Amino acid sequence: MSRKRPGTAALSAMVAAIGCAVTLAVFTALVRRENAAAEVQMDRRTAAAAEAVRSETRRYVEILRTTAAAAGAQETLTATEYGHIVQPLKTMKLAGATAIVLIVPAADDEVAEVQQRWRRLGSPDLTLTPKGRGEHAFVVAGIPLDGTRPLGGIDMTQAVAPADTLAQARRSGQPAVSDTYQLLVDRDLPSDQRQNSFVMAAPVFRGAEQHFLGWVVLGVRGQNFMGDTLQHAGQGLLDLTLMAAGTDRREVTVAELGAASEGERDLVRTVDIPVADKRWKLRVSAPAAGLPGARSAFPLSMALGGLVLTALLSALVWVLASSRDRARVQVRAATAELRAGEAASRRQADLLGAVLDGISDGVGVVGPDGKFLLHNPAAIRMLGKGNPESGVESWQSHFGLFQVDGVTPFDTEQLPLVRALAGQDSDQVEMVVRHPAYPEGRVISVSARPIETTAGERGAVAVFHDITERKHVETELRGFAGVVAHDLKSPLTAVRGFAELIGDALDDLEAGGGADALQQARRSAGKVISGAVRMEQLISELLDYAAARDATLRLDEVNLRSLVDDVVTARTDHLDGPDLRPDIFVGSLPPVQADPVLLRQVIDNLVGNAIKYTPPGQAPRIDITGRREPDGGVRVQVADRGIGIPDGEHALVFDSFHRASNGGAHPGTGLGLAICRRIVERHGGRIEAAPNPGGGTIFAFTIPAAGQTTSNLVGVV
């Protein structure tokens, strides 16, 4: 008994209903995906803006900290010496900075004495003007950074915000930032020209006994300070507002920047920004429609296309249903033809796939509609994602393509494959691929050519090459060269300056200057020698840094206990007195397979750091132990009771030229631990730092045990 077939109208209506339902589902999914893309774009741009603000505020704090350390390092701090220390800041063009001054404390009965002393120390016209009774803080030296009038003799305690900041900096021994207020130097300006401003203060201590001398204070106008930074971070797409506490503890706007785009600010983020001892807030808002890749006409176009396609399918079903027999014959013939073509295409695709799967460079082919026809495995590995669901308009959001700066989105019209579809060749175009699969980003080089498809239409083919490692090396070399240039120029400048002072002192001797000129010459000569020693140390560590990366490993079985005992003896034999000798415990240490010269350098750096970074007046205490690991390696630990490493910086201390924020009082170049990491990693091991529960730091690294195969070692070829 045959089943009753549905009528033509019913069948067409069913197709139309299914098509509309599918179209609505696709439209809803696309809208949700674009909303999610807007949130991701907002998060990325907020993170970039916050990092830009953090970097700028951190730079000002480090400049202040360095200036205070330099002032405290002077044997006798005078107004002239202080002027020499801060003079380079004039050329740095610090945005918003008004002046950097030296402030000293004085009680009511000490004002006259302090005034007389600093007149002798290089400020002959200084007149101190106390306000009120009690403790005062007077400006005794400094230079203006924006052409404002000098503030010599002013009492900073007359304003609540700077007075509280000076007290906090002295109490904590660390830089502090004031609440937002209007600078004393700006009170003569018209009200519409005054800005919400602040001061940063760093205490100045001298000698191992940390004798307090005063403060180095930097005045900053808020809008000028953050104006350029916010402009760059916002890129005309974001509303940015930086807020801090005012003198009444309520939030006050320090700087703000409006976006060029119009529309409702429906995306809002708030980020805490640490500034010295306080936390400011960065409020970021933007219209979702203004963010690149976040809104497009694609969902609506897709919906309209789906409805049109549904209508066509419904009409086709109507036609087919009304002439079913004729359609069946045509469908069978078309199906046979399609199957034959599909079989031939499958054979060609299998051959092409075998060839493409065997090459290391990525290859991608797109058709005239901009949709990918194929991606080989190498291309998928480099891009981190498979083919997008649609054409060129989705490439930016799908793959996360940026310029080589890693921030600026790559213009879709300038993508190599898009240009190839337009008939233009592209060679070795560099771009950054960054998305959740590759959060750190990968750098690729793309070359593209137009091709003709079998239907006579234009397509395009691209070859991808991963150059991430090469770019990393180039970036490291640029940073390496910049830091070397800076660190070599600083002691050279000091050597030149003090050499000129020696010449002046010798001239005074010839003119009968006497013992004072001789003493000045000797002091300057000592600083020349100190600068030369700093250069020698930097050059030696740079050579060690290069050798740790490029020198050939000469592996041998090493008696680790003997090597450690030798390093400890060399580090402690020259120390005299019971209070200076470190308490070093060396436990059982298994033999290892390593380059003895490079391994000794690792042990010497770790033991030397443990001795150097110990609080004054406290004998260093170091425990050196080792054990065999289940994987056949040896884990070595060097635990100390020193000053420790601040939270969040344990991984950063192994970066080149990075120094922990609490180690500024100790000399160094920031290369020692970077050298250690290179040596350990070249031996196939790893190195890490962690807090010592009893105070201090535990450094631990792994090294192959004696007799272990060396197939996993880096550079052993």
Side-chain angles (χ1 to χ4, degrees), residues 60 63-64 67-68 71 77-83 85-87 89-90 94 96-171 175-191 193-204 212-222 224-225 246-247 276:
Y60 277 51
I63 288 173
L64 199 64
T67 303
L77 180 60
T78 66
T80 303
E81 287 284 354
Y82 180 80
I85 291 171
V86 299
Q87 188 64 30
L89 300 185
K90 278 193 169 182
L94 300 175
T98 60
I100 182 163
V101 298
L102 178 65
I103 296 177
V104 299
D108 289 331
D109 56 353
E110 297 173 338
V111 173
E113 178 187 347
V114 171
Q115 175 176 288
Q116 188 62 27
R117 183 193 319 136
W118 280 97
R119 285 182 176 180
R120 293 196 306 271
L121 292 177
S123 297
D125 299 327
L126 178 66
T127 300
L128 304 184
T129 308
K131 297 293 184 179
R133 302 286 296 175
E135 186 75 11
H136 305 283
F138 297 107
V139 178
V140 297
I143 61 171
L145 300 178
D146 63 348
T148 57
R149 59 183 177 82
L151 291 174
I154 194 170
D155 185 358
M156 294 295 289
T157 62
Q158 64 180 289
V160 174
D164 290 345
T165 303
L166 297 180
Q168 174 61 20
R170 182 173 183 177
R171 182 167 50 252
V177 64
S178 73
D179 293 336
T180 305
Y181 77 110
Q182 292 183 353
L183 297 177
L184 299 177
V185 72
D186 288 348
R187 292 187 175 179
D188 294 334
L189 296 176
S191 59
Q193 297 181 17
R194 301 175 192 167
Q195 300 183 24
N196 287 327
S197 307
F198 56 92
V199 295
M200 293 180 172
V204 179
F212 179 70
L213 298 180
W215 303 268
V216 173
V217 175
L218 178 67
V220 185
R221 296 188 179 98
N224 294 346
F225 169 61
T247 53

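Small disclaimer: the values here were computed from a predicted structure and weren't measured. Only heavy atoms go into these numbers, but all of them, side chains included; no hydrogens, no water, no symmetry mates.
At a threshold of 4.5 Å between non-hydrogen side-chain atoms, the residues T78 and R120 do not count as touching.
For the pair M156 and V139, the tightest heavy-atom approach, listed with the atom from each and the gap, is CG-CG2, 4.1 Å. Here the shortest heavy-atom pairing between F212 and P105 reads CE2-CG, 3.9 Å. Here the closest heavy-atom approach between residue A169 and residue A201 is recorded as CB-O, 3.8 Å.
For A276, the side chain to side chain contact (heavy atoms under 4.5 Å, CB included) partners at least two apart in sequence or on another chain are V61, V177. With sequence neighbours excluded, the residues forming a side chain to side chain contact (heavy atoms under 4.5 Å, CB included) with R171 are A167, Q168, listed by chain and number. Under the rule for a side chain to side chain contact (heavy atoms under 4.5 Å, CB included), the partners of V114 that lie at least two apart in sequence or sit in another chain are V104, A106, E110, R117, W118, L128.
Atoms CZ and CG, on F138 and L126 in that order, are 9.0 Å from each other to the nearest 0.5 Å. Between the CG atom of L89 and the CG atom of L218 there is a distance of 8.0 Å, given to the nearest 0.5 Å. Taking OG1 of T129 as the reference point, atom CD1 of I154 lies at 8.0 Å (rounded to 0.5 Å). For the atom pair CD (E81) and CG (L121), the distance works out to 10.5 Å, reported to the nearest 0.5 Å. Once rounded to the nearest 0.5 Å, the distance linking CD1 of I85 with CG of L77 reads 6.0 Å. Here the CD-OG1 distance, from E135 to T157, works out to 8.5 Å after rounding to the nearest 0.5 Å.
Checking side-chain atoms of Y82 against main-chain N and O of V101 turns up a donor-acceptor pair under 3.5 Å. In this structure, T98 contributes its side chain and G219 its backbone to a donor-acceptor pair below 3.5 Å. Checking side-chain atoms of S123 against main-chain N and O of V140 turns up a donor-acceptor pair under 3.5 Å. A donor-acceptor pair under 3.5 Å links the side-chain atoms of D155 to the main chain of K131, judged by distance alone. No donor-acceptor pair closer than 3.5 Å links the side chain of S178 to the backbone N or O of A161.
Applying the side-chain contact (heavy atoms from CB on, under 4.5 Å) test between V204 and each of I103, T67, V216 identifies V216 as the sole match.
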Check the pair L166, V217 against side chain to side chain contact (heavy atoms under 4.5 Å, CB included), reporting the backbone distance first and the verdict last. CA-CA 9 Å; L166 297 180; V217 175; 3.7 Å; yes
